*Asks:* 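Below is the structure I would like to discuss, written out as C-alpha cells.
Predicted model, so just to flag it, every value in this text is computed and none were measured.
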Amino acid sequence: MSVAALVMGAGRGLRLGGDEPKQYRMLGSTSVLARSLALFATHPRVTRVQAVIGEDDRDAYARATAALDLPMPTIGGATRQESVRNGLEHLAGDPPDFVLIHDAARPMTPPSVIDRVIEALAAHPAAVPALPVADTLKRGADGRVVATVPRAGLFRAQTPQGFRFAEILAAHRRFAGSEMTDDAAVAEAAGLPVALVAGDEAAFKITTGDDLDRARRLSGESRTGTGFDVHRFGEGDHVWLCGVRLPHERGLIGHSDADVGLHALTDAILGAIGAGDIGLHFPPSDPKWKGAASSRFLAYAADLVRTRGGRVVHVDVTVICERPKVGPHREAMRSAIAQILSVEVDRVSVKATTTEGLGFTGRSEGIAAQASATVVL
Ligand code: MG
C-alpha cells in the first residue's frame, strides 16, 4: 500500500503577529513546517511526502527544508480547499493508494495518530483523528450567552485526515470552489463515510503565540553532560565547596579558589553543549584566574548555554570526601548554585558520599566531585 502525505503550509496564518507565516516560525533549530514534514518523512508507513506552500514562500521553503530530502513543493491556491486540490492533482500523476492531508501548523502530532489513521483506511474510505469536546459549549452574541449547546457526540477534528486517494480526489474535483474548512467536510459532502479515530492533545494546532510557546517547550532538544574534578588538601583554614565557604582545618590547593564541586559542574554544563572543558576556557597557565572565584566559571558556562538559545533545566553534584560534612551545608550549596545559574533551587541537587575510608578521598588527601547537567536547546 502506498501512502502519500500532503502537508499544507500555504496559509498566511499571520494571527501570531509579524509578517512571516507561522509555518516558518522556528521551534528550536527547525521550522514548524520542516518539523511537520519530518513527521511523515520519518514515518515507516508513509511512502511519499509532498508540501503545498504559498506562491511567495519558495525561498523560505527552500531554507526551511534544506536538511530534508523532499520533492519540489506544490504551489497552493487562494483558499485552503483549492490548495489541497492542487496538491491532490499533483499526486494524481502517480496516484498513491491513500493520502494523508495534514496541517503544517500541527507539528507535534505523535506518530501513533498517523498510525491510527492509516489503519482505519483499511476498512473505511476516510478517517479523521478527533477528540471529544470536554468543555461545556456556549453560543454567544454581543458578549452574552445565548444558549448552551449540548456537547454529547461532539468532537474536535485534527489532522492528518486520511482518505482513499481516488475518492478524495473525485470529491475535491466535484466540490471545487466551495470553502470547506477541512477535507473530511469535502468527503462528507460527497457522501463518503468518515471514520473517527482517537486524536491526541499533542496534535494541537499552532494558532496563537501561546501555542507556539507550547510547541517550543515540547520540541526542545535535551542534552546531558557530565563532569569530574579533584583537588588536593594543603595548608589553609577553609575550603570553598559548591559556592559556599566552609571553615576547615585544611584548604584545597588550586589555581583558582579550588571549588571542586563548581569545577565538576562547570565541566558538566560545558559538556552538555559540546563546548570543551573548563581548562580550555580558563587555562590554569593564565595568571588572570589566580585565586578566581569559581562562581565566575560556572556563570560563564551558563551564559554560553543561553547564548545558544538553551537553558539549564537540572544539575546534580556529588561531593566525594570523608570531611568536611556536606549535609549541614547542602541547602546553602543548592541556593548558591541556583543563584549563579539563575535557575530555581528545585533544579539543583547536591549530594555527598564517602568512599568508606578507601582511596585518596578515604585517606583525606583531597576531595573529588562529579556532576551532571541537563540543558534544553
Ligand atoms: Mg578543578
*Asks:* Are Asp286 and His255 close enough, and set up right, to give a side-chain hydrogen bond (donor to acceptor under 3.5 Å, both in side chains), and what steps lead you there?
*Replies:* CA-CA 9 Å; Asp286 188 338; His255 190 67; over 6 Å; no
*Asks:* Measuring from Arg173:CZ to Ile168:CD1, what's the distance to the nearest 0.5 Å?
*Replies:* 12.0 Å
*Asks:* Is there a donor-acceptor contact under 3.5 Å from the side chain of His248 to the main chain of Val239?
*Replies:*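 No, because the side chain of His248 does not come within donor-acceptor range (under 3.5 Å) of the backbone of Val239.
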*Asks:* Output yes when Arg334 and Glu331 qualify as a salt bridge under the 4.0 Å nitrogen-oxygen rule, no when they do not.
*Replies:*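 A salt bridge links Arg334 with Glu331.
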*Asks:* Does CD in Gln339 sit with more than 12 non-hydrogen atoms of other residues, nucleotides or ligands closer than 6.0 Å?
*Replies:* no
*Asks:* Does any N or O in the side chain of Gln23 come within less than 3.5 Å of the main-chain N or O of Gly9, such that one atom is a donor and the other an acceptor?
*Replies:*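 Between the backbone of Gly9 and the side chain of Gln23 there is a qualifying donor-acceptor contact (under 3.5 Å).
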*Asks:* For Arg80 and Asp103, run salt bridge (Lys or Arg N to Asp or Glu O under 4.0 Å): C-alpha distance rounded to whole Å, both residues' side-chain angles, the deciding distance at 0.1 Å, then the answer.
*Replies:* CA-CA 10 Å; Arg80 184 185 184 282; Asp103 293 330; 3.0 Å; yes
*Asks:* Using a 6.0 Å cut-off, check whether atom CZ of Arg347 has over 12 heavy atoms from anything other than its own residue.
*Replies:* yes
*Asks:* Over 60° means perpendicular and under 30° means parallel, so classify the ring planes of Phe297 and His263, tilted if in between.
*Replies:*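 Rings of His263 and Phe297: tilted, 30 to 60°.
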*Asks:* Give a yes or no on whether Glu179 atom CD has more than 12 heavy-atom contacts from other residues, nucleotides or ligands under 6.0 Å away.
*Replies:*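 Not more than 12 within 6.0 Å, no.
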*Asks:* Applying the 4.5 Å side-chain criterion to the ILVMFWY set and letting contacts propagate, would Val319 and Ile337 be lumped into a single cluster?
*Replies:* yes
*Asks:* Take Ile273 and Arg223 through the test side chain to side chain contact (heavy atoms under 4.5 Å, CB included) and record every step on the way to the result.
*Replies:* CA-CA 7 Å; Ile273 56 171; Arg223 298 193 183 179; 5.7 Å; no
*Asks:* Going by the side chain to side chain contact (heavy atoms under 4.5 Å, CB included) test, name the single residue among Thr266, Val315, Asp303 that passes it with Leu298.
*Replies:*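 Per the side chain to side chain contact (heavy atoms under 4.5 Å, CB included) rule, the option paired with Leu298 is Thr266, out of Thr266, Val315, Asp303.
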*Asks:* Does the Ser372 side chain pair with the main chain of Thr226, one donor and one acceptor, at a distance under 3.5 Å?
*Replies:* no
*Asks:* For Pro96, is there any backbone N or O sitting under 3.5 Å from a side-chain donor or acceptor partner on Arg48?
*Replies:*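 No, the answer is negative, given that no donor and acceptor are paired below the 3.5 Å cut-off.
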*Asks:* Can you check whether Asp115 reaches Arg45 side chain to side chain, under 4.5 Å on heavy atoms?
*Replies:*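 Side-chain contact under 4.5 Å: yes.
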*Asks:* Test of understanding: clusters of I, L, V, M, F, W, Y form through side-chain heavy atoms closer than 4.5 Å, transitively. Do Val49 and Leu39 belong to the same one?
*Replies:*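 They do share one cluster, since a chain of ILVMFWY contacts under 4.5 Å joins Val49 to Leu39.
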*Asks:* Decide, yes or no, whether a salt bridge links Glu55 with Arg58 under the criterion of side-chain N to carboxylate O below 4.0 Å.
*Replies:*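 Counted as a salt bridge, because a side-chain N and a carboxylate O are separated by less than 4.0 Å.
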*Asks:* Counting only N and O atoms by type, is there a donor-acceptor contact under 3.5 Å from the side chain of His231 to the main-chain atoms of Ile253?
*Replies:* yes
*Asks:* What I want to find out is whether Glu201 reaches Arg156 closely enough, with some N-O distance under 4.0 Å, to be called a salt bridge.
*Replies:* yes
*Asks:* Could you state whether Ile118 and Leu192 fall into the same hydrophobic cluster, counting links through intermediate Ile, Leu, Val, Met, Phe, Trp or Tyr residues with side-chain heavy atoms under 4.5 angstrom apart?
*Replies:* no
*Asks:* Quick one, Tyr24 with Ile53, criterion side chain to side chain contact (heavy atoms under 4.5 Å, CB included). Give me CA distance, side-chain angles, the key distance, then yes/no.
*Replies:* CA-CA 11 Å; Tyr24 295 101; Ile53 67 165; 3.9 Å; yes
*Asks:* Is there a path of hydrophobic side-chain contacts, each under 4.5 Å between heavy atoms of I/L/V/M/F/W/Y residues, joining Phe204 to Val197?
*Replies:*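 No, Val197 does not connect to Phe204 through the hydrophobic network.
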*Asks:* Take Lys205 and Asp211 through the test salt bridge (Lys or Arg N to Asp or Glu O under 4.0 Å) and record every step on the way to the result.
*Replies:* CA-CA 7 Å; Lys205 187 174 189 172; Asp211 299 331; over 6 Å; no
*Asks:* Would you give the length of the straight line joining atom CZ of Arg144 to atom NZ of Lys138, rounded to the nearest 0.5 angstrom?
*Replies:*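 With rounding to 0.5 Å, CZ (Arg144) is 14.5 Å from NZ (Lys138).
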*Asks:* When rounded to the nearest 0.5 angstrom, what is the spacing between CG in Asp237 and CG in Leu246?
*Replies:* 12.0 Å
*Asks:* Please test Asp267 against Asp229 for side chain to side chain contact (heavy atoms under 4.5 Å, CB included), starting from the C-alpha separation and ending with a verdict.
*Replies:* CA-CA 9 Å; Asp267 262 358; Asp229 195 31; over 6 Å; no
*Asks:* Once rounded to the nearest 0.5 Å, what's the spacing between atom CD of Glu322 and atom CD1 of Ile367?
*Replies:* 10.5 Å
*Asks:* Within a radius of less than 6.0 Å around CG of Asp69, do more than 12 heavy atoms belonging to other residues, nucleotides or ligands occur?
*Replies:* no
*Asks:* Are Phe163 and Phe98 connected in a single hydrophobic cluster, I mean Ile/Leu/Val/Met/Phe/Trp/Tyr linked by side-chain heavy atoms less than 4.5 Å apart?
*Replies:* no
